[in-house]
Number of protein chains: 2
Amino acid sequence: MSSISTELRQAFLAADVRPTVQRYAVLHHLLRDGVHATAEEIFRAVNRQDPRASRATVYNSLKSLTRAGLVREVISEGKAARYDASLRPHHHFVCERCGQVEDIAWFELPAGKQALGARRVRSFEVVFRGVCEKCGGSQPRTGETT
Amino acid sequence: MSSISTELRQAFLAADVRPTVQRYAVLHHLLRDGVHATAEEIFRAVNRQDPRASRATVYNSLKSLTRAGLVREVISEGKAARYDASLRPHHHFVCERCGQVEDIAWFELPAGKQALGARRVRSFEVVFRGVCEKCGGSQPRTGETT
DNA sequence: CGCCGATTTAGATTTAATCTAAATCTATAT
DNA sequence: ATATAGATTTAGATTAAATCTAAATCGGCG
């Protein structure tokens, strides 16, 4: 297994997180296109190859990475929390049928919406809910052959 | 204890949820201004007075009410899910320091943002993250006496 | 190289949520 | 009002998720 890439190493250092191979492995898995994994899934994925990481370390890593802003917890339907890499901002769509969470291209809010009284807003995201394409999506009830 | 109010009874029937006293008690607690309670908190609150509800019933009720759209699960910091009554739409603000979730007045998204390809969007909400007023909020770093 | 504090580890523990099967309740028809 | 069928509630057991513990290891720095 190769060492931690310079690019990610930079991200770790900039975020003041010690770059360990385990943390790297966790982030690496989440970086795979559109993955919204649970801690358990990450644990299994990471342990299919080197370096390994115990369950506790996966949780610890997710916590460090989340605190650092490299990862964030996404809205989840089930009980187990799901995470994704948050290097690029994006919104989310949650399917009410299958529970799948999809990434939505980033867009800004109308000016002024980010000012919320005396609160300091550091980030935001829009969470859409509905029916995904695979579960029915558009075509409300057209083309039904019955 | 009085019976289920006509108003809520209507909401239950319209949503096709059988109006039981336990479900009413759960919703009633969430209706108290700005409450974002966990199942455990609702369980304790409900059991301080009649009618009582078992833990399982609190979970069952939350599930029915959520499916019916009378209640929704809010973004939560900790592990236990939190719920609020969703009779009126609103957005959320999550404090990264204390974990508190606050309601934000409703506003629409710029036209066109609700169309997400072949997905059918049924609802959405904006989740802001940052520091709440009590934890520091604005005044970035003014008045520090050091 | 050798030290110190941060990190990792396996397994136990705690906490949250679900399941089970029997008892009870609600809506509807009589 | 009473009977009936199916939904709901219940206490407690069970499963699943996340955290904790204390010892071993690692990474960065002198």
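In what follows, chains are A, B, ... by sequence order, proteins preceding strands, each numbered from 1. All values derive from a computational prediction rather than experimental measurement. Note: hydrogens, waters and symmetry copies are ignored here, and every other heavy atom, side chains too, is used.
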In terms of side-chain geometry, is the basic nitrogen of A/Arg82 or A/Glu73 positioned less than 4.0 Å from the acidic oxygen of its partner?
no
B/Arg23 atom CZ is separated from D/dT10 atom C1', nearest whole Å, by 14 Å
Five-pair end axes of the helix from C/dC1-D/dG30 to C/dT30-D/dA1, angle between them (10°)
40°
In this structure, how many angstroms lie between the C1' atom of C/dA10 and the CZ atom of A/Arg52, rounded?
15 Å
State, yes or no, whether a side-chain contact exists between B/Val94 and B/Val127 at a heavy-atom distance under 4.5 Å.
yes
Check whether any side-chain heavy atom of A/Glu41 lies under 4.5 Å from a side-chain heavy atom of A/Thr38, and answer yes or no.
yes
Roughly how far, to the nearest 0.5 Å, is the CZ atom of A/Arg72 from the CG atom of A/Leu30?
12.0 Å
Send over the distance from A/Ile42 CD1 to D/dA18 P, rounded to a whole Å.
10 Å
Rounded to whole Å, the CZ-P distance (B/Phe12 to D/dA7) equals 18 Å
To the nearest angstrom, the OH-P distance between B/Tyr24 and C/dT26 comes to 15 Å
Mutual orientation of the aromatic rings belonging to B/Phe128 and B/Phe107 [parallel < 30°, tilted 30-60°, perpendicular > 60°]
tilted
Within the structure provided, determine whether B/Asp103 and B/His36 are in side-chain contact (heavy-atom separation under 4.5 Å).
yes
Could you tell me the separation between the NZ atom of A/Lys79 and the C1' atom of D/dT14, rounded to a whole number of Å?
15 Å
Could you point out which residue of B/Arg67, B/Arg122, B/Arg119 forms a salt bridge (Lys or Arg N to Asp or Glu O under 4.0 Å) with A/Glu96?
B/Arg122
Answer yes if the side chains of A/His92 and A/Glu102 hold a donor-acceptor pair under 3.5 Å, and no otherwise.
no
A/Glu41 has an atom CD; how far is it from atom P of D/dA16, in whole Å?
15 Å
Could you tell me how far apart A/Arg82 (CZ) and D/dA17 (P) are, to the nearest whole angstrom?
10 Å
Output yes when at least one side-chain N/O atom of B/Gln22 is less than 4.0 Å from OP1 or OP2 of C/dC25, else no.
no
If you assign A/Val17 and B/Glu40 each to the DNA chain C nucleotide with the nearest heavy atom, which residue ends up on the more 5' nucleotide?
A/Val17
Could you identify which residues of residues 54-71 of chain B place a heavy atom less than 4.0 Å from some atom of DNA chain D, listed by residue number, or say none?
B/Ser54, B/Ala56, B/Thr57, B/Asn60
Could you list the protein-to-nucleotides 25-30 of chain D atom pairs, N/O on both sides, closer than 3.5 Å?
none

Could you tell me whether a side-chain N or O of A/Asp84 sits under 3.5 Å from a main-chain N or O of A/Val35, the two making a donor and an acceptor?
no
A/Ser64 side chain to A/Ser61 side chain, donor-acceptor N/O pair below 3.5 angstrom:
no
Does any part of the side chain of B/Val46, heavy atoms only, come nearer than 4.5 Å to the side chain of B/Arg52, both counted from C-beta?
no
